[in-house]
There are 2 protein chains.
Amino acid sequence: MLSIGELSKRTGVKIPTIRYYEQVGLIDAPERSEGNQRRYTKDGLNRLSFIRHSRDLGFSIEDIKGLLELSQYPEKPCQDAHGIAVQYLRNVQQRITKLRRLERELKHLSNCDADSLADCAVIETLADHGPCKTEH
Amino acid sequence: MLSIGELSKRTGVKIPTIRYYEQVGLIDAPERSEGNQRRYTKDGLNRLSFIRHSRDLGFSIEDIKGLLELSQYPEKPCQDAHGIAVQYLRNVQQRITKLRRLERELKHLSNCDADSLADCAVIETLADHGPCKTEH
DNA sequence: CTTGAACCTATAGCTACTAGAGGGATTATA
DNA sequence: TATAATCCCTCTAGTAGCTATAGGTTCAAG
């Protein structure tokens with residue numbers, strides 16, 4: 001049996017966040033001690049690890065509820081879980097592309113030895129006026 | 001002069017979001033028509049495009065305020081901006097690293113063609129039981 | 001048995017929006 | 001010029017996913 005603090009340490013999920021997850025129904029309310037403190041089992045630990053990992057990957061709480069429900073019926077086809085992942089992958093790839101472009105421009109700027117920001121590559125890029133016009 | 005609706009269409013920023021940006025001081029309150037409706041200039045359009053682009057890239061509103069302030073003083077020596085740029089660069093690079101890791105995992109997940117969830121890579125991966133055990 | 005850390009609930013605040021109510025302004029057409 | 005459709009206004013409240021605070025209780029070590 002784990003206290004909420006131990007659970008927090010082992011999963012890396014903060015204590016108020018654990019209570020929040022319980023509140024919104026992402027995890028079940030655990031048993032309590034005589035003095036009304038939460039006591040978690042190994043199962044609770046696994047479930048929270050799953051949630052932590054999913055959140056890190058950017059899945060919404062609703063998505064995770066879906067995934068958790070799915071995982072409770074292992075005979076069910078995984079098509080649904082697959083769909084959630086594919087949808088998210090597309091989103092992530094777009095973000096990577098944009099960030100790489102910005103990275104290039106920021107590198108330019110941080111090497112900048114010009115006198116002014118007048119032709120600043122970052123500002124240009126963010127304003128979406130096309131690629132950097134001046135070579136720093 | 002653009003109405004808020006036209007501005008919204010041209011930038012892809014929703015109308016309530018534009019008003020929200022005004023409220024939190026990210027954009028200046030524009031002139032109004034006789035009938036008290038917002039009227040934007042080309043400058044307003046540029047500024048909002050800049051903001052849109054920056055938000056897409058994951059910068060917080062506070063970050064963007066910084067960038068905008070920077071861009072308003074084009075005579076400011078580059079040296080002053082150097083540190084800020086480097087800071088943003090680091091931030092961006094961290095985000096790229098995280099997203100690449102996420103991309104790899106999601107690609108893995110989305111290749112799952114198992115018949116049932118029992119062997120589904122999504123569930124395995126999210127449960128953090130190590131890398132995918134079966135090659136799809 | 002005491003003391004200090006860890007726990008409890010409840011409420012409020014945070015970021016970045018988004019939706020709705022109830023009303024006024026603008027514009028295209030009859 | 002009238003009127004209907006569409007746009008816009010403010011204000012309030014709701015959303016996700018936490019995080020912080022206040023004021024009190026329980027647990028475990030010495």
Side-chain angles (χ1 to χ4, degrees), chain A residues 1-41 44-45 47-48 50-68 84 87-88 91 95 126, chain B residues 1-41 44-45 47-68 91 95 98 102 126:
Chain A
M1 286 304 208
L2 301 166
S3 71
I4 197 169
E6 287 171 298
L7 184 67
S8 174
K9 261 175 216 151
R10 297 211 198 175
T11 58
V13 180
K14 286 174 189 162
I15 291 172
T17 305
I18 296 172
R19 292 198 275 245
Y20 168 75
Y21 285 163
E22 183 183 320
Q23 197 186 303
V24 300
L26 197 53
I27 58 179
D28 292 332
E31 287 179 38
R32 298 286 182 125
S33 70
E34 284 290 300
N36 200 35
Q37 299 192 353
R38 290 169 179 81
R39 293 293 176 260
Y40 295 91
T41 63
L45 179 67
R47 193 178 172 97
L48 191 58
F50 182 102
I51 292 166
R52 164 89 214 266
H53 201 64
S54 304
R55 286 293 300 136
D56 274 357
L57 290 173
F59 287 101
S60 74
I61 282 181
E62 282 314 301
D63 280 347
I64 297 170
K65 275 186 188 170
L67 290 170
L68 282 167
I84 294 172
Q87 205 179 353
Y88 205 72
N91 183 318
R95 273 194 283 169
L126 291 177
Chain B
M1 286 302 208
L2 301 166
S3 70
I4 198 169
E6 287 171 297
L7 185 67
S8 172
K9 262 176 214 148
R10 298 212 197 170
T11 57
V13 179
K14 286 174 189 164
I15 291 171
T17 305
I18 297 172
R19 292 198 276 244
Y20 167 74
Y21 286 162
E22 183 183 323
Q23 198 187 301
V24 299
L26 196 53
I27 59 180
D28 293 331
E31 285 178 39
R32 299 287 181 124
S33 70
E34 284 290 300
N36 199 36
Q37 298 192 355
R38 290 170 180 83
R39 293 292 176 258
Y40 295 90
T41 63
L45 178 67
R47 194 180 171 95
L48 191 58
S49 299
F50 182 103
I51 292 165
R52 164 89 215 265
H53 203 62
S54 305
R55 285 292 302 133
D56 274 358
L57 290 171
F59 286 99
S60 73
I61 282 181
E62 282 312 302
D63 281 345
I64 297 170
K65 277 185 186 171
L67 289 170
L68 281 168
N91 181 314
R95 262 207 309 262
K98 273 192 198 168
L102 168 55
L126 292 179

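FYI, side chains are in, hydrogens and waters are out, and symmetry mates aren't considered; it's all heavy atoms of this structure. Residue numbers start from 1 in every chain, and the chains themselves are labelled A, B, ... in the order their sequence lines are given, proteins ahead of strands. Quantities reported herein were computed from a predicted structural model and do not represent experimental measurements.
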Query raised in the report: Can you tell me if B/Arg47 uses its side chain to pair, donor with acceptor, with the backbone of B/Leu26 under 3.5 Å?
Result: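 Confirmed, B/Arg47 side chain pairs with B/Leu26 backbone.
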Under 4.0 Å from OP1 or OP2 of [N]: is there any side-chain N or O of [X] that close?
| X | N | value |
| --- | --- | --- |
| B/Ser3 | D/dC8 | yes |
| B/Tyr21 | C/dC17 | yes |
| B/Arg38 | C/dT26 | no |
| B/Arg32 | C/dT26 | no |
| B/Ser33 | C/dA25 | no |

Report summary line: One should read off an interatomic distance between B/Lys14 NZ and B/Arg52 CZ, to the nearest 0.5 angstrom, of 9.5 Å
Tell me: [atom1] of [X] to [atom2] of [N], nearest whole Å?
| X | N | atom1 | atom2 | result |
| --- | --- | --- | --- | --- |
| A/Glu22 | D/dC18 | CD | P | 15 Å |
| B/Ile61 | C/dC14 | CD1 | C1' | 12 Å |
| B/Glu6 | C/dT26 | CD | C1' | 12 Å |
| B/Asp63 | C/dA16 | CG | P | 9 Å |
| A/Ile18 | D/dC18 | CD1 | P | 12 Å |
| A/Lys65 | D/dG17 | NZ | C1' | 12 Å |
| A/Met1 | C/dC7 | CE | P | 15 Å |
| A/Ile15 | C/dA5 | CD1 | C1' | 11 Å |

Query raised in the report: Closest nucleotide of DNA chain D for A/Gln37 versus for A/Thr17: which of these residues is on the 5' side?
Result: A/Thr17
Query raised in the report: Stepwise, does the side-chain contact (heavy atoms from CB on, under 4.5 Å) test hold for A/Arg38 with A/Arg32?
Result: CA-CA 5 Å; A/Arg38 290 169 179 81; A/Arg32 298 286 182 125; 3.3 Å; yes
Query raised in the report: With respect to A/Arg55, which candidate in A/Thr17, A/Ile61, A/Val13, A/Asp63 satisfies the side-chain contact (heavy atoms from CB on, under 4.5 Å) definition?
Result: A/Ile61
Query raised in the report: Given C/dA16, D/dC9, D/dC27, which nucleotide is nearest the side-chain atoms of A/Arg39?
Result: D/dC27
**Report entry** Minimum-distance nucleotide (side-chain atoms of B/Ile4 versus D/dG17, C/dC8, D/dC9)
**Finding:** D/dC9
**Report entry** Residues A/Lys65 and A/Glu62 bridged, charged N to O under 4.0 Å
**Finding:** yes
Query raised in the report: Closest nucleotide of DNA chain C for B/Ser60 versus for B/Asn36: which of these residues is on the 5' side?
Result: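 Going by which nucleotide is closer to the 5' end, it is B/Ser60.
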Report task. Using a heavy-atom cut-off of under 4.0 Å over every strand shown, decide if A/Arg19 touches base, sugar-phosphate, or nothing. Result -> base
